[in-house]
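The block underneath contains the structure these notes are about, expressed in structure tokens.
Chain letters run A, B, ... following the sequence lines, proteins first and then strands; every chain starts at 1.
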There are 2 protein chains.
Amino acid sequence: MSEVSTMLEANAQYAERFTKGDLPMPPARRLVVLTCMDARIDPAKAFGLEEGDAHVIRNAGGRASDDALRSLVISTQLLGTRDIVVIHHTDCGMLTFRNEQLREQLRQNLGADASEVDFLPFTDLDVSVRQDMATIRSSALLPKDLAVQGFIYDVHTGQLREVS
Amino acid sequence: MSEVSTMLEANAQYAERFTKGDLPMPPARRLVVLTCMDARIDPAKAFGLEEGDAHVIRNAGGRASDDALRSLVISTQLLGTRDIVVIHHTDCGMLTFRNEQLREQLRQNLGADASEVDFLPFTDLDVSVRQDMATIRSSALLPKDLAVQGFIYDVHTGQLREVS
């Protein structure tokens with residue numbers, strides 16, 4: 001069976017038992033989690049989020065990219081969120097390459113020119129979390145009274161550690 | 001208790017029972033889900049994903065933004081994924097505003113100038129899914145043999161419907 005067929009079968013089972021069809025659009029806990037796309041992280045299970053609780057923004061690294069800021073503006077302005085947590089994680093793929101290496105790989109594999117693309121890799125997790133908290137706190141498009149906290153998730157233990 | 005304290009308490013309980021500390025970085029099912037940050041969607045539960053199975057990229061709308069493409073390049077080039085599913089959903093916040101309205105709100109609430117920002121709202125779900133599939137399929141930075149499929153998730157029934 002293909003991966004998509006497997007997904008559709010799982011979804012059919014989920015829908016059969018589905019009881020949460022009346023939840024409102026705004027997140028009940030007024031919380032946003034910004035984290036990495038990494039397959040080992042299940043934000044709902046690992047951070048205790050039920051359907052309806054929180055916005056979850058995910059990208060490579062959990063970075064406060066321009067697009068994450070776009071999502072945060074929509075979240076805060078239109079859907080009333082107030083708390084933002086930035087969660088990067090140990091053993092992250094973003095620690096394993098530099099822009100120039102990935103650009104060279106794209107040239108070789110696809111003949112593609114990615115010389116203008118910053119893939120936002122990093123070399124130190126505490127630093128990357130602090131950078132992304134600072135980006136969010138200093139954005140002119142986000143309210144100044146947002147609460148922003150940063151954490152590192154350990155994929156080997158399942159534990160969060162705060163970055164101050 | 002604050003929302004972040006509640007999250008940390010849930011995480012401590014998750015970590016106590018944690019048994020998945022040895023998963024490899026590449027997604028076992030070589031699958032990527034690109035979907036919306038909406039609080040009502042739990043991709044793991046709704047689409048049958050276990051820790052380690054799939055990359056999950058989420059932003060406002062589940063759009064194939066430049067940053068989603070950045071994440072997809074890292075996913076496909078460095079971590080071997082092959083199947084991409086784009087999942088938008090009913091009752092999406094992106095259907096409720098236009099760029100000019102949100103820009104005006106930001107001017108009034110924060111004195112901020114967002115005249116250069118496209119917040120990527122849409123007016124038709126099938127069209128937005130098709131647009132994002134086309135963006136992914138035509139990206140020079142992604143391999144031509146990726147399998148890309150699109151779906152709409154119904155937040156009232158929990159069901160997926162394919163967009164062809």
- Query: Does the side chain of L110(A) reach to within under 4.5 Å of the side chain of K144(B), using non-hydrogen atoms?
  - Reply: no
- CZ (R82(A)) with more than 12 external heavy atoms under 6.0 Å: no
- Answer whether the closest heavy-atom distance between the side chains of F151(A) and L8(B) falls below 4.5 Å. yes
- CD of E3(A) to CD of Q149(B): how many Å apart, nearest 0.5 Å? 11.5 Å
- What option among E162(B), R70(B), M7(B) has the most heavy-atom pairs under 4.5 Å with chain A? R70(B)
- Query: For chain B, which residues from residues 113-121 of chain A lie under 4.5 Å away (heavy-atom distances)?
  - Reply: D113(A), A114(A), V117(A), D118(A), F119(A), L120(A)
- Task: Go through the structure and list residues passing side chain to side chain contact (heavy atoms under 4.5 Å, CB included) with E100(A), not counting sequence neighbours.
- Result: R103(A), R107(A)
- Message: If you count heavy-atom pairs within less than 4.5 Å of chain B, which of T19(A), V32(A), L106(A), L72(A) leads?
- Response: L106(A)
- Message: Can you tell me which portion of N59(B) sits under 4.5 Å from chain A's heavy atoms? Options are side chain, backbone, both or neither.
- Response: both
- Task: Check side chain to side chain contact (heavy atoms under 4.5 Å, CB included) between T96(A) and all other residues, then give those that pass, not counting sequence neighbours.
- Result: M25(B)
- Side chain from CB out, backbone as N, CA, C, O: work out which of these in L102(B) comes under 4.5 Å of a heavy atom of chain A, or both, or neither. side chain
- In terms of heavy-atom pairs under 4.5 Å, which option from A10(A), P24(A), G158(A) contacts chain B the most? G158(A)
- Message: Between Q159(A) and N11(B), do the side chains contain a donor N or O and an acceptor N or O under 3.5 Å apart?
- Response: no
- Below 4.5 Å, heavy atoms only, C-beta onward: do L23(A) and V155(B) meet side chain to side chain? no
- Message: Looking at Q101(B), I want to see if its CD is surrounded by more than 12 non-hydrogen atoms of other residues, nucleotides or ligands under 6.0 Å.
- Response: yes
- Task: Could you have a look at D83(B), D66(B), L78(B) and say which one has the most heavy-atom pairs with chain A under 4.5 angstrom?
- Result: L78(B)
- Message: Sort by residue number and list every residue of residues 40-58 of chain B having at least one heavy atom under 4.5 Å from chain A.
- Response: R40(B), D42(B), A44(B), K45(B), A46(B), F47(B), G48(B), E50(B), E51(B), G52(B), D53(B), A54(B), H55(B), V56(B), I57(B), R58(B)
- Item | Contact class of L142(B) relative to chain A, heavy atoms under 4.5 angstrom | backbone
- Message: Could you measure the distance from the OG atom of S2(A) to the CZ atom of R29(B)? Nearest 0.5 Å is fine.
- Response: 9.0 Å
- Task: Could you tell me which non-hydrogen atom of S65(B) sits nearest to which non-hydrogen atom of D67(A), and how far apart they are?
- Result: OG-OD2, 3.0 Å
- Are V163(B) and Y153(B) linked, directly or through other ILVMFWY residues, by side chains that come within less than 4.5 angstrom of each other? no
- Max heavy-atom pair count under 4.5 Å with chain A, selected residue of L141(B), L31(B), L69(B): L141(B)
- Note on the structure: Bottom line for N109(A): the part with an atom under 4.5 Å from chain B's heavy atoms is side chain
- Message: Please determine whether the number of non-hydrogen atoms from other residues, nucleotides or ligands lying under 6.0 Å from atom CG of D22(A) exceeds 12.
- Response: no
- Task: Between chain A and each of V73(B), L79(B), D38(B), D154(B), count heavy-atom pairs under 4.5 Å; write down the option with the most.
- Result: V73(B)
- Note on the structure: Counting heavy-atom pairs under 4.5 angstrom with chain B, the leader among T35(A), T157(A), T6(A) is T157(A)
- Task: State whether the number of non-hydrogen atoms from other residues, nucleotides or ligands found under 6.0 Å of R137(A) atom CZ is greater than 12.
- Result: yes
